[in-house]
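First listed ligand is number 1; within each ligand, the first listed atom is number 1.
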Amino acid sequence: MSLHASLSGMTGFVADVVMFTNIPKVLSYAVPPGLSPVVGSRVVAPVRNTRQVGVVIAVGQSRDDDLSLKDIHAVLDESPLLTEELMKLLDWTARYYHAGIGPCMALAFPPFFRQGRTLVRDEDPFLKRKACDHGRLGSAQQALLDGIPVEGILMSELRGRFPGSAARIRALLAKGLLEVGEREPGPGRCLPPPPAYSADQTKAIEEIAAAVGTGTFHSFVLHGITGSGKTEVYLAAANEALRRGRSVLYLVPEIALTSQTIAMVKGRIPYEVAVFHSGLPEKDRAREFMKVVRDGARFVLGTRSAVFSPLRDIGLIVVDEEHDHSYKQDDGVPYNARDLGIVRATNNKACVILGSATPSMETHERARSGRDRLLAMTSRIGPAALPEVEIVDMRTIRGPLSEPLVTEMAATLDRNEQVLLFINRRGFSAALVCPGCGKVLRCLRCDRSLTYHRSKGEALCHWCGFTMRLPEICPSCGCLDMRPVGLGTERVLTEVQKAFPDSRLLRMDSDEMTTTRKLTAALDAIRSGSVDIIVGTQMIAKGHDFPHLTLVGVVHAEQLLYMPDFRSGERTFQQIVQVAGRAGRRKADTKVVIQTLIPEHPLMEAILRHDYEAMMLQELEIRKATGFPPYVHLARCVVSADEEGTARMIAVKLAASATVPQVEVMGPAPAPISLLRNRHRWHLVLRSRRRGSLHRALDAMERVKVTGDADLRIDVDPYSMM
Ligand code: ADP
Ligand code: ZN
């Protein structure tokens, strides 16, 4: 079959279709007269007695044995939405992650398109001013007209800037002062020039720009301390690729894609920028997608799934904060956008930049072994140095705030500067314990203690969302006095309120920041100086630049360290360095106070000295001794079932099937989370130095029948070991 066949009104053709649902096979359909499906476009076709939406992956001449095929019902797109290059990447993703081709293809489409809907072309016209004399306009109409840039604007964007302006736009169109026109793909806009680059920046930009100029694959690790100005390097490299007529994919972690980030990028890229973000309304996501497919936008700024954006001829891929775990998808297809970014750059003969202040161990290893070129940026922009770090021993201190921290906080507030307290758990306390029987209040569906959320008067399971009113008495023994233990953001906030009753507080965690709008408003409030103390989770640790912030307190440094996860040391270090990096980006006299129960731990020493290499060497030793990545490759299989016996039995069978030389099977054993949403879970972990062997073992496991109510989930290069 030809991948290129495009036909109109002919009979005797067959289309191969991948449905977006989890149907393991590619389905073939007859193409009825009058329909002309093309590869990469969506169709509606019958599956048993339903109609489903899928994407055409091949079209070809039918053979005699194709006579019994059912007909396609409808073709949804006249021209392809996906390119061949992207479809190959999606196919590769399905094979690498041992996932269904349907769910993988679906990753490339915004939900609006997955559901079989289409955008009407002139639904969102591109509006331009018509240069002509006009009489006096009402002030509102005049303001609207003045607000339209010379190069024109999308109706949706104009209405976003001028809420409630639909009638005025219609009026201006009717008067002939506005017209619907074609968009000219940049560089239409004049933007302010970049700042004078630092020596580190200049060197990095020169190297990357030269590599972009060669039109071949190059990979860079940009290891720059917080505040060293990595963003300018990405933007300069991006403009270089755009100038050469190629496209740019710019990936940021989930939480970092705020309207502030979007405005900053749009202010520096003189071309059309499409934003791919799951937080946008469905129709907007579809529009941004069509900006690339239909309007030829060559710059995509987006989160994880933007790695599958339909850009053509990519010349540069930026992965900002490459160590961030949000690049790995936890549910659905367990892909890692950073890793796929490297694959996609290779396929496109493009450059890829993996940037971070705390590169992941995998990336560090790529740079060390010479696979990636390491570019280091070791000094901060401007006068600010890295903040001074103080470690406070909490072993003899009661309560969440130590005296050294409170003293520093008071001094900072006296100077009218801001304080940030970092605590990695939302809610009031980690758990509720009955002092009578010692029992912890647990989720009824998961093997996990419930977190007490005092502001809501509820106990909440952070895994499944189960909530219950706080019981007046212990459900086990009837004792009257359930007590909170362990710290959460709410509890810290309460203590801060007691110590600093006159200061303005802001809590930033996923309970508070439920919408993008709230997050944007909070970030603006911090930047404008209208809050004094911020108490937050990892949500605040990433990428943000807060000019008035001069003190960072880490309330409980070892919180992550003792999780059953081989990355816990690395993650602890990364998180603390990232959050510490929020301080002192503008002012010189800044400080970080870290409270911990393990002040002598080598990790704390490394943090004290801002010594990334020391931390890496320690961790690498541990990984080498225990046999974990980057020294080996891992895959993890989780079986879940209603009965524990079923889960165990299947896990044992899977383990027995995976007998491939050079692959070690660890387990089977109950997963650390052995009960989740009422499902019992067993897991096994495969380990090998050879990827090929690992994939063969997974292939063998996939042939094992997983029957009844049991589910098998395979995760390649897993992050969560829970
Ligand atoms: P990083 O991502 O490396 O932590 P950023 O890219 O956020 O650092 O840069 C830190 C701050 O320095 C930002 O406010 C940025 O606008 C500013 N900055 C970057 N480069 C320069 C430069 N060459 N001159 C002046 N300011 C700069
Ligand atoms: Zn639960």
Best match, Ile381, Asp200, Leu235: closest heavy atom to atom 26 (N) of ligand 1: Ile381
Sub-4.0 Å atoms of ligand 1 with respect to non-hydrogen atoms of Thr226: 4 (O)
Residue Glu232 vicinity, atoms of ligand 1 by number, heavy atom under 4.0 Å: 19 (C), 20 (N)
Contacting atoms of ligand 1, where contact means under 4.0 angstrom from a heavy atom of Ala196: 22 (C), 23 (N), 24 (N)
Which segment of Thr231 sits under 4.0 Å of ligand 1 when only heavy atoms are counted: both
Per-residue contact class, Pro194 against ligand 1 - non-hydrogen pairs under 4.0 Å: neither
Quiz item: cation-pi between Arg304 and Tyr327, 6.0 Å / 45°: no
Ligand 1 to Pro195 polar contact by distance, N or O atoms, under 3.5 Å: no
Short N-O contact, Lys328 and Asp330, less than 4.0 angstrom: no
Which of the ligand 1 atoms, numbered from 1, are nearer than 4.0 Å to a heavy atom of Tyr197: 23 (N)
Sidechain N-carboxylate O distance under 4.0 Å for Asp524, Arg527: no
Residue Ile225 vicinity, atoms of ligand 1 by number, heavy atom under 4.0 Å: 3 (O)
Side-chain donor/acceptor of Lys591 to backbone N/O of Val389, under 3.5 Å: no
Test item, Asp320 contacting ligand 1 (heavy atom, 4.0 angstrom): no
Side chain proximity check, Gln329 to Asp331, heavy atoms < 4.5 angstrom: yes
Aromatic contact, His556 with Phe422 (centres under 6.0 Å): no
Close aromatic pair by centroid cut-off 6.0 Å: Phe308 and Tyr335: yes
Gln201, portion touching ligand 1 at heavy-atom distance under 4.0 Å: side chain
Electrostatic pair Arg268:Glu232 at N-O distance under 4.0 angstrom: yes
Proximity flag Ser228 to ligand 1, non-hydrogen atoms under 4.0 Å: yes
